[in-house]
Amino acid sequence: MHVVIIGNGVAAINTARAVLNHQPTADVTVFSEEPYLYYPRPKLWDFLPGKLSLDDLYFYPASWYEEHGIDVHLGQKVTAIDPAGRSVTLSNGQAVRYDRLLLANGGFPFVPPIENAGNAGVFTLRNIADALAIRAYAEQAQSALVIGGGLLGLESARGLRDLGLAVTVIEIAPWLLPKQLDQAGANVLTRTFESMGIRTITEAICQEIDGEDRATGVFLKDKQRISGELILISAGIRCDTALAVNAGLQVNRGVVVNEHMQTSAPDIYAAGDVCEFHGRCYGIIPAAIEQARVAGANLGGQTDVRYAGTIPSNTLKVAGIDLTSVGVINPPDESYQEFRASDPAQGRYKKLVVKDNKLVGAILLGFPKEMPRIASLIRQETPLEVPVEELLHIN
Ligand SMILES: Cc1cc2nc3c(=O)[nH]c(=O)nc-3n(C[C@H](O)[C@H](O)[C@H](O)COP(=O)(O)OP(=O)(O)OC[C@H]3O[C@@H](n4cnc5c(N)ncnc54)[C@H](O)[C@@H]3O)c2cc1C
């Protein structure tokens with residue numbers, strides 16, 4: 001059986017491994033548009049300021065693919081899929097036949113409708129090429145603006161700060177990390193960021209990039225102008241669905257998959273940022289890994305392995321800050337109970353969300369050692385055996 005995989009990210013690599021575990025005789029071919037070996041994208045934040053070299057980024061040596069029987073083609077983009085003929089076309093015009101295909105071609109950064117967003121000095125960060133371009137531009141800049149105060153925006157802000165730039169983060173929501181934090185937690189985090197020399201502006205909508213050819217700042221919707229020579233837009237990601245749309249697969253926000261990670265074409269599977277499961281596009285590594293295990297098992301013939309969704313869990317890795325949020329953190333209605341404790345002087349904040357005496361969500365800022373226990377209680381989905389106050393306690 002010949003399995004062709006489009007992409008060489010975390011979903012692709014984990015699927016390839018799972019296929020070969022289940023069916024060691026399978027032929028697995030990986031096509032990667034990027035000319036690099038597999039690297040985890042979170043490492044880009046240390047690569048950006050030059051703390052890691054290119055070689056440090058790679059998860060496996062070049063020999064790993066061969067040792068595992070994976071035929072990898074770097075710098076080779078798939079330009080079209082023919083589901084009826086079971087083949088893909090490559091950027092060099094060659095057609096390659098498959099028995100089963102996996103779409104693991106990920107996502108791309110969303111750029112909101114900001115005027116002049118195509119000007120020199122305006123960037124997004126998704127891959128090694130982006131990081132190299134940002135680093136080179138930063139050499140002739142003193143200041144940077146990060147548009148978007150989500151996880152990726154804040155981690156990028158730290159990377160730019162490490163490059164010696166004066167950094168301002170501009171967030172549209174009333175507080176930083178609106179998907180991971182509530183307002184009280186965000187206040188604690190903001191103070192920590194300011195102590196690192198990173199300024200934050202919230203409830204601000206970026207409307208236009210200022211500057212003739214090169215960016216010199218942005219205009220907000222309220223006409224306020226904020227200066228900054230390097231502008232990094234970090235406003236979310238979108239599933240890269242173009243290949244699937246052109247192949248006639250069912251696509252919503254992402255490529256729609258069932259619990260076997262199978263798309264609307266029976267021989268084509270999808271995993272990672274490209275796909276949508278039960279209306280949800282996760283855009284995080286834990287989901288990509290779980291989906292890859294399921295896709296790999298099914299591609300390898302183990303059709304009783306099913307995906308049931310992933311409990312979102314996010315960790316902010318900015319130096320000195322340990323922030324993890326899991327599950328429901330901003331409850332939708334009053335059937336949930338919220339418990340909070342904080343120690344702002346120490347940059348610590350804890351919130352637990354309980355429903356029907358079960359722990360369903362948590363925010364832990366400054367409690368790295370407690371997260372495994374809390375996360376496992378959330379995943380167990382069983383009634384709490386200890387009082388919430390015990391879990392909420394701050395030493
Ligand atoms: C800077 C950064 C930091 C992040 N940090 C975290 C984190 O800390 N925690 C977390 O959970 N998530 C994080 N994420 C998100 C996480 O990296 C993604 O969820 C994950 O990479 C998705 O994996 P994937 O394999 O689906 O897609 P990708 O990693 O995007 O890989 C897809 C690959 O497919 C290739 N490709 C695309 N089209 C084609 C084509 N037509 N032909 C051939 N190849 C193609 C792309 O070039 C790319 O290499 C981060 C993302 C970024 C950008």
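Owing to the predicted nature of the structure, the values given are computational and were not obtained by experimental measurement. Numbering of ligands and ligand atoms starts at 1, following listing order. All residue numbers refer to positions in the sequence shown, counting from 1.
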Considering only non-hydrogen protein atoms, determine which one is nearest to [atom] and report residue, atom name and distance to 0.1 Å.
{"atom": "atom 32 (C) of ligand 1", "answer": "Ala104 O, 3.4 Å"}
{"atom": "atom 42 (N) of ligand 1", "answer": "Val78 N, 2.9 Å"}
{"atom": "atom 34 (O) of ligand 1", "answer": "Gly7 CA, 3.3 Å"}
{"atom": "atom 30 (O) of ligand 1", "answer": "Arg126 NH2, 2.6 Å"}
{"atom": "atom 13 (C) of ligand 1", "answer": "Ile285 CD1, 3.9 Å"}
{"atom": "atom 46 (C) of ligand 1", "answer": "Glu34 OE2, 4.2 Å"}
{"atom": "atom 48 (C) of ligand 1", "answer": "Arg41 NH2, 3.3 Å"}
{"atom": "atom 45 (C) of ligand 1", "answer": "Glu33 CB, 3.6 Å"}

_Just verifying a value: how many Å separate Phe47 CZ and Ile134 CD1, rounded to the nearest 0.5 Å?_
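So the CZ of Phe47 and the CD1 of Ile134 are separated by 11.0 Å.
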
Those atoms of ligand 1 less than 4.0 Å from some heavy atom in [X]:
{"X": "Asp273", "value": "18 (C), 19 (O), 20 (C), 22 (C), 26 (O)"}
{"X": "Ile284", "value": "11 (O), 12 (N), 19 (O)"}
{"X": "Gly106", "value": "26 (O), 27 (O), 30 (O), 32 (C)"}
{"X": "Gly283", "value": "15 (C), 19 (O)"}
{"X": "Pro286", "value": "11 (O)"}
{"X": "Leu125", "value": "53 (C)"}
{"X": "Ile6", "value": "40 (C), 42 (N), 43 (C)"}
{"X": "Gly272", "value": "26 (O)"}

Side chains of [X] and [Y], donor plus acceptor under 3.5 Å:
{"X": "Arg293", "Y": "Tyr307", "result": "no"}
{"X": "Ser53", "Y": "Asp55", "result": "no"}
{"X": "Arg100", "Y": "Gln262", "result": "no"}

Would you call [X] and [Y] a salt bridge, taking side-chain N to carboxylate O under 4.0 Å as the test?
{"X": "Asp162", "Y": "Arg158", "value": "yes"}
{"X": "Lys350", "Y": "Asp343", "value": "no"}
{"X": "Glu34", "Y": "Arg41", "value": "yes"}

Using distance alone, decide if ligand 1 has a nitrogen or oxygen within less than 3.5 Å of any nitrogen or oxygen in [X].
{"X": "Val10", "result": "yes"}
{"X": "Leu152", "result": "no"}
{"X": "Thr315", "result": "no"}
{"X": "Leu243", "result": "no"}
{"X": "Lys77", "result": "no"}
{"X": "Ala12", "result": "no"}

*asked:* Quick one: does any side-chain atom of Asp273 pair with a main-chain N or O of Cys239 as donor and acceptor, under 3.5 Å?
replied: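 No.
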
*asked:* Checking the side chain of Arg161 only, and the main-chain atoms of Leu165 only, is there a donor and an acceptor separated by less than 3.5 Å?
replied: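 Present.
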
_Are Ile198 and Leu48 connected into the same hydrophobic cluster when the rule is that any two of I, L, V, M, F, W, Y join if their side-chain heavy atoms are below 4.5 Å apart?_
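In one cluster: yes.
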
*Honestly curious: do Ile378 and Leu323 fall in one hydrophobic cluster under the side-chain, below-4.5 Å linking rule?*
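Different clusters: Ile378 never reaches Leu323 through Ile, Leu, Val, Met, Phe, Trp or Tyr contacts under 4.5 Å.
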
*Does the cation-pi check pass for Arg238 over Phe108, that is, NZ or CZ under 6.0 Å from the six-membered ring centre and within 45° of its axis?*
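No cation-pi geometry.
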
*Could Lys77 and Phe31 be counted as a cation-pi pair, given that NZ or CZ must be under 6.0 Å from the ring centre and within 45° of the axis?*
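No.
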
Residue portion contacting ligand 1 (non-hydrogen atoms closer than 4.0 Å) for [X]:
{"X": "Asn105", "result": "both"}
{"X": "Ala287", "result": "neither"}
{"X": "Ser32", "result": "backbone"}

*Give the ring-plane orientation class for Tyr60 versus His68, where under 30° counts as parallel, over 60° as perpendicular and anything between as tilted.*
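Tyr60 and His68: tilted rings.
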
*Step by step, would you call Asp56 with Lys43 a salt bridge (Lys or Arg N to Asp or Glu O under 4.0 Å)?*
CA-CA 9 Å; Asp56 296 330; Lys43 284 192 173 187; over 6 Å; no

*Assess the pair Tyr39 and Tyr58: is the distance between their ring centroids shorter than 6.0 Å?*
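Ring-ring flag for Tyr39/Tyr58: false, centres at least 6.0 Å apart.
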
*Is Val274 near ligand 1, meaning one of its heavy atoms is under 4.0 Å from it?*
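For ligand 1, residue contact (heavy atoms, under 4.0 Å) with Val274 is absent.
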
*For Trp45 and ligand 1, answer yes if some heavy atom of the residue is under 4.0 Å from a ligand atom, otherwise no.*
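Right, Trp45 reaches ligand 1.
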
*Select the closest option to atom 7 (C) of ligand 1 among Ala288, Ser234, Pro42, judged by heavy-atom distance.*
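It is Pro42 that holds the nearest heavy atom.
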
